Protein chains: 2
Amino acid sequence: MELYTDEYFMNEAMKMAKEAFEDDEIPVGAIVVCRNKVIAKAYNQTEKLTDATAHAEMLAITAAANALGSKYLNECKLYVTLEPCVMCAGASFWSQLGEVHYAASDPKRGFARFSEGLLHPKTKVHAGLMAAESKQLLDEFFQKLRK
Amino acid sequence: MELYTDEYFMNEAMKMAKEAFEDDEIPVGAIVVCRNKVIAKAYNQTEKLTDATAHAEMLAITAAANALGSKYLNECKLYVTLEPCVMCAGASFWSQLGEVHYAASDPKRGFARFSEGLLHPKTKVHAGLMAAESKQLLDEFFQKLRK
């Protein structure tokens with residue numbers, strides 16, 4: 001039985017998104033996997049850290065580089081519950097991530113709207129896994145915020 | 001006599017770039033100015049921190065947000081010695097920087113190559129101040145690296 005499927009890892013990222021939700025942060029979670037091992041987990045902390053750059057992916061990429069002792073993450077996979085923005089796409093470019101898996105799309109600030117060239121040419125992209133669940137959590141968050 | 005000109009601030013950023021050079025980092029420096037006061041200074045530390053996201057601008061934006069206690073930097077100006085990359089342009093979008101001043105252009109990874117929409121629509125951009133000096137420092141660094 002193969003436990004470490006993409007579904008398993010995206011679900012780990014979803015757990016982080018739910019932690020963000022509990023902390024009143026925009027619920028986005030990310031994990032970095034290297035050789036089937038989760039080496040970094042993070043969720044969006046822009047409010048807590050008072051830092052507009054503290055997106056889940058940025059924190060996860062920095063933590064993964066620390067864990068590996070390498071700034072390049074060619075053999076790593078990023079699982080994130082929302083399509084990375086331009087900043088996070090740029091971070092994945094510089095860290096040369098092997099794969100990026102994202103759940104929900106972000107038509108407003110997602111990287112794909114701007115240019116495919118924002119990611120590293122060797123980075124493989126997979127979209128849509130658990131997209132509905134991620135979108136539901138985000139919608140719930142913004143509904144709560146408006147109340 | 002007006003001391004706090006754009007030239008003065010870009011020269012402060014250049015000093016940071018020179019510190020990066022001394023530390024064997026790609027020589028890029030950045031400062032953030034708020035109401036004529038330098039509130040953050042940083043230089044590229046991707047090697048020292050083993051973190052591909054540790055660009056001068058990212059570090060300066062995070063430090064400025066900490067200094068102000070606000071994740072938005074609408075009243076701030078970023079001075080950086082090299083055209084920001086896509087990641088740093090994205091960071092300046094999220095922090096809503098009032099102005100971005102950069103010295104040398106980066107035709108390979110500079111944000112302007114990709115799309116004007118990468119920056120916040122309210123961010124004013126100024127390019128070219130001390131560009132030759134910045135380019136010379138970068139060229140010198142890469143020549144040294146190749147030896």
Side-chain angles (χ1 to χ4, degrees), chain A residues 25-26 28 32 40 42 44-74 76 78 83-97 106 108-121 123, chain B residues 25-26 28 32 40 42 44-74 76 78 83-97 106 108-121 123:
Chain A
E25 299 277 0
I26 296 177
V28 182
V32 176
N44 175 46
Q45 293 199 59
T46 48
E47 297 304 324
K48 190 178 178 187
L49 300 180
T50 320
D51 184 351
T53 75
H55 285 193
E57 303 94 309
M58 299 300 290
L59 301 175
I61 287 170
T62 294
N66 272 315
L68 285 185
S70 161
K71 63 183 180 135
Y72 297 117
L73 305 174
N74 316 61
C76 297
L78 174 77
E83 180 185 343
C85 73
V86 162
M87 172 180 71
C88 295
S92 98
F93 175 89
W94 291 117
S95 57
Q96 303 183 6
L97 270 165
D106 182 357
K108 267 175 93 173
R109 293 302 304 171
F111 75 93
R113 190 195 122 187
F114 294 94
S115 159
E116 280 296 321
L118 297 192
L119 290 185
H120 196 275
T123 301
Chain B
E25 299 276 359
I26 295 175
V28 182
V32 175
N44 175 47
Q45 293 199 59
T46 48
E47 296 304 323
K48 191 179 177 184
L49 300 180
T50 320
D51 184 352
T53 76
H55 285 193
E57 302 96 310
M58 299 300 291
L59 301 174
I61 287 171
T62 294
N66 271 316
L68 286 184
S70 162
K71 63 183 180 136
Y72 298 117
L73 305 174
N74 316 61
C76 296
L78 173 77
E83 181 185 343
C85 73
V86 162
M87 172 179 70
C88 295
S92 99
F93 175 89
W94 291 117
S95 57
Q96 303 183 7
L97 270 167
D106 182 357
K108 267 175 93 172
R109 293 302 304 172
F111 76 93
R113 190 195 120 186
F114 293 94
S115 159
E116 279 297 321
L118 296 192
L119 290 185
H120 196 275
T123 302

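Model, not experiment: these values are computed from the prediction. A note on names: the letters A, B, ... follow the listed sequences, proteins ahead of strands, and every chain is numbered from 1.
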Interchain contact, B:Ala91 with chain A, by part (heavy-atom threshold 4.5 Å)
both
For chain A, which candidate among B:Ala89, B:Ala64, B:Ala52 shows the most heavy-atom pairs at distances under 4.5 Å?
B:Ala52
Could you please spell out the steps behind the side chain to side chain contact (heavy atoms under 4.5 Å, CB included) verdict for B:Met87 and A:Trp94?
CA-CA 9 Å; B:Met87 172 179 70; A:Trp94 291 117; 3.9 Å; yes
Using non-hydrogen atoms and a 4.5 Å limit, figure out which bit of B:Tyr72 sits close to chain A: side chain, backbone, both or neither.
neither
With sequence neighbours excluded, what pairs up with B:Ser95 under the side-chain hydrogen bond (donor to acceptor under 3.5 Å, both in side chains) test?
none
Carefully, step by step, assess A:Lys71 and B:Asp51 under the rule side chain to side chain contact (heavy atoms under 4.5 Å, CB included).
CA-CA 5 Å; A:Lys71 63 183 180 135; B:Asp51 184 352; 5.6 Å; no
If one checks every heavy atom of A:Phe111 against chain B at 4.5 Å, the contacting part turns out to be neither
Between B:Leu118 and chain A, which part of the residue has a heavy atom less than 4.5 Å away: side chain, backbone, both or neither?
both
Region of A:Arg113 that comes under 4.5 Å of a non-hydrogen atom in chain B
neither
In terms of heavy-atom pairs under 4.5 Å with chain B, the winner among A:Leu49, A:Thr53, A:Asn66 is A:Thr53
With sequence neighbours excluded, give me every salt bridge (Lys or Arg N to Asp or Glu O under 4.0 Å) pair touching residues 57-66 of chain B.
none
